[in-house]
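Accompanying notes for the structure given below.
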Number of protein chains: 2
Amino acid sequence: MGWPRQQKRNTRQRILESAARLFSRHGFDNVSIGDVMRGAGLTHGSFYTHFRSKQALYAEAVATAARASALARLLEEGKQRDLQQLLAGYLDISHVRQEPSPCPLAFLATDVATREQEVRGAYTRVFRRLVAFLRHGLSSRPAADARERAMAVAALMIGGVAVSRALDDEATAEALLAACRRFGGELLGAAPE
Amino acid sequence: MGWPRQQKRNTRQRILESAARLFSRHGFDNVSIGDVMRGAGLTHGSFYTHFRSKQALYAEAVATAARASALARLLEEGKQRDLQQLLAGYLDISHVRQEPSPCPLAFLATDVATREQEVRGAYTRVFRRLVAFLRHGLSSRPAADARERAMAVAALMIGGVAVSRALDDEATAEALLAACRRFGGELLGAAPE
DNA sequence: GTCTATACCTCGATAGAC
DNA sequence: GTCTATCGAGGTATAGAC
């Protein structure tokens with residue numbers, strides 16, 4: 001009869017998934033606790049039996065969104081998958097406009113910057129995982145060079161998607177993504193000097 | 001005796017400067033109309049004689065912040081200034097942590113994405129100005145290549161600063177900026193193929 | 001653990017005196 | 001045009017019944 005404990009974990013997980021989905025799309029302040037709970041099929045009253053505060057939920061939701069993201073799915077789908085394909089999938093207009101599980105690094109960058117350390121710490125860990133993955137795919141290079149390249153590519157991916165999302169002109173958004181795909185690809189693929 | 005009209009314009013400008021400063025640092029939702037008016041030496045009551053709504057103010061504030069930014073000052077300081085210096089000044093930790101007039105493109109990217117068209121239109125115009133400037137400095141290249149490079153460098157700059165600001169680890173933030181400086185410099189400087 | 005109800009607060013926007 | 005005062009909406013967080 002350890003069932004109740006398991007039940008609670010499941011509920012908590014549903015809340016987290018609802019939060020990850022809503023926060024990623026709309027940001028912290030445009031989503032209320034009621035919205036999150038409704039998305040999990042509950043009412044707002046029982047929220048505080050699962051989380052200390054809205055910010056605490058946000059911190060965990062960032063990590064959850066990262067695990068649920070299309071990028072994360074691509075990563076586990078096959079380590080062998082080459083980085084160029086990953087880049088192209090990330091820097092795609094469907095990720096910017098329709099993706100139900102977007103990357104929180106790109107969708108929440110400036111939103112996270114104004115929160116407290118708990119949230120920024122979660123964001124930082126997700127960022128480091130992305131950099132580590134990219135670096136791993138560049139292991140034919142000297143370690144320092146691979147790390148630097150991985151960071152620049154990460155910034156290009158995140159910046160490309162974040163800015164593209166803010167633009168109100170579809171043609172410019174597409175052109176921006178294409179430019180990031182091209183030069184991101186060069187950074188990943190150019191021969192060592 | 002056209003003075004009253006001029007007075008009103010001055011007041012309006014002070015409100016805009018206060019808004020640009022506060023919104024850039026804290027985002028749209030974390031700044032109230034009262035905060036903005038206080039920053040301009042007024043009370044909240046007279047706000048609506050100058051602006052239609054908070055969102056309308058935000059749209060104009062994005063443009064104002066862009067004009068006041070350190071980047072804009074560098075631009076007019078001398079068109080001759082080379083792009084490498086501009087890149088280094090932008091991708092600097094002081095821009096991320098202390099700059100009183102930060103670039104709204106980097107500080108508000110995901111914040112703008114969730115607003116309506118009026119705001120995103122203002123953001124888009126600022127972005128296009130940055131791209132145009134970078135492209136101009138790459139005019140020795142074929143036009144299409146220059147535009148693509150300019151867009152990628154812009155995404156790298158904005159992404160580098162935006163992400164760096166969200167990180168809670170100073171060493172990683174510095175490493176990220178350094179990586180963006182290096183490869184942004186390569187994108188600007190590498191010889192045409 | 002989840003529900004309804006509510007305390008308490010902040011904010012955007014408006015009204016009306018000066 | 002600017003001020004003080006206020007309306008009304010919506011939010012976080014808590015209380016208490018079930």
Side-chain angles (χ1 to χ4, degrees), chain A residues 1-23 25-62 108 111-112 114-116 118-119, chain B residues 1-62 108 111-112 114-119:
Chain A
M1 274 152 193
W3 271 85
R5 189 135 315 172
Q6 179 63 23
Q7 276 289 7
K8 173 158 187 188
R9 238 176 318 194
N10 286 346
T11 302
R12 194 185 143 94
Q13 187 57 29
R14 285 210 326 278
I15 296 171
L16 269 174
E17 282 159 15
S18 170
R21 187 167 5 99
L22 292 170
F23 282 143
R25 282 250 160 250
H26 308 292
F28 182 76
D29 290 305
N30 298 307
V31 173
S32 70
I33 290 173
D35 293 333
V36 172
M37 296 299 276
R38 225 181 332 274
L42 300 165
T43 59
H44 66 279
S46 63
F47 172 77
Y48 291 91
T49 66
H50 296 280
F51 298 92
R52 214 181 340 105
S53 67
K54 192 185 175 187
Q55 286 236 15
L57 169 68
Y58 192 47
E60 287 201 50
V62 167
L108 297 177
D111 195 90
V112 163
T114 59
R115 312 297 158 194
E116 44 194 53
E118 183 178 20
V119 178
Chain B
M1 277 161 194
W3 270 83
R5 188 135 318 174
Q6 179 63 24
Q7 276 290 7
K8 172 157 186 186
R9 238 176 316 195
N10 286 348
T11 302
R12 194 186 143 92
Q13 187 57 29
R14 284 211 326 279
I15 296 171
L16 269 174
E17 282 159 14
S18 170
R21 188 168 3 102
L22 291 170
F23 283 142
S24 293
R25 281 249 161 252
H26 308 293
F28 182 75
D29 290 305
N30 297 308
V31 173
S32 69
I33 290 174
D35 292 333
V36 171
M37 296 300 274
R38 225 182 332 275
L42 299 164
T43 60
H44 66 279
S46 64
F47 173 76
Y48 291 90
T49 66
H50 296 280
F51 298 92
R52 214 181 341 107
S53 66
K54 191 185 176 188
Q55 286 235 16
L57 169 69
Y58 191 47
E60 288 201 48
V62 166
L108 297 177
D111 195 89
V112 163
T114 60
R115 311 298 157 194
E116 45 194 53
Q117 222 164 25
E118 182 178 20
V119 177

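Chain A is the first sequence line, chain B the second, and so forth, proteins listed ahead of strands; every chain is numbered from 1.
- Closest non-hydrogen pair, A:Leu57 versus A:Phe23, comes out as CD2-CE1, 3.9 Å.
- Within the 4.0 Å cut-off from OP1 or OP2 of C:dT2, at least one side-chain nitrogen or oxygen of A:Thr11 is found.
- Whole-Å rounding puts the B:Asp29 CG to D:dG10 P distance at 15 Å.
- One interatomic measurement links the two molecules: CZ of A:Phe47 to C1' of D:dT12, which rounds to 10 Å at whole-angstrom precision.
- Listed nucleotides C:dG12, D:dA13, D:dT12 differ in distance to A:Ser53; the shortest reach to its side chain belongs to D:dA13.
- Across the protein-nucleic acid pair, B:Met37 atom CE and C:dC11 atom C1' stand 15 Å apart, rounded to whole Å.
- One interatomic measurement links the two molecules: CD1 of A:Ile33 to P of D:dA13, which rounds to 5 Å at whole-angstrom precision.
- Summarising the geometry, the separation between OH on A:Tyr58 and P on D:dG11 is reported as 17 Å, rounded to the nearest angstrom.
- Of the side-chain N and O atoms in B:Thr43, one or more sit less than 4.0 angstrom from OP1 or OP2 of D:dC3.
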Listing time: all N or O pairs from protein to nucleotides 14-18 of chain D that are below 3.5 Å?
none

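- The residue B:Thr49 sits close to a base: some heavy atom pair falls under 4.0 Å.
- The interatomic distance linking A:Lys54 (NZ) with D:dT12 (C1') rounds to 8 Å, in whole Å.
- Put simply, CZ on B:Phe28 and NZ on B:Lys54 are 4.5 Å apart, with the number rounded to the nearest 0.5 Å.
- A straight line from CG of A:Asp35 to P of D:dG10 spans 11 Å, rounded to a whole angstrom.
- Of the possible polar contacts, none joining the A:Arg14 side chain to the A:Asn10 backbone as a donor-acceptor pair under 3.5 Å is found.
- Residue-level contact check: B:Val36 touches neither bases nor backbone, having no heavy atom under 4.0 Å from any strand.
- For the pair B:Val62/B:Glu118, no side-chain contact is recorded, criterion being any heavy-atom separation below 4.5 Å from C-beta on.
- Listed for the A:Asp35 side chain is no donor-acceptor partner under 3.5 Å among the backbone atoms of A:Val31.
- Separation of atoms CZ (B:Phe51) and CD1 (B:Ile15) is listed at 5.5 Å; rounding is to 0.5 Å.
- The closest donor-acceptor contact from the side chain of B:Arg25 to the backbone of B:Arg21 lies at 3.5 Å or more, if one exists at all.
- For A:Ile15 and C:dG1, the CD1 to C1' distance is 10 Å, given to the nearest whole Å.
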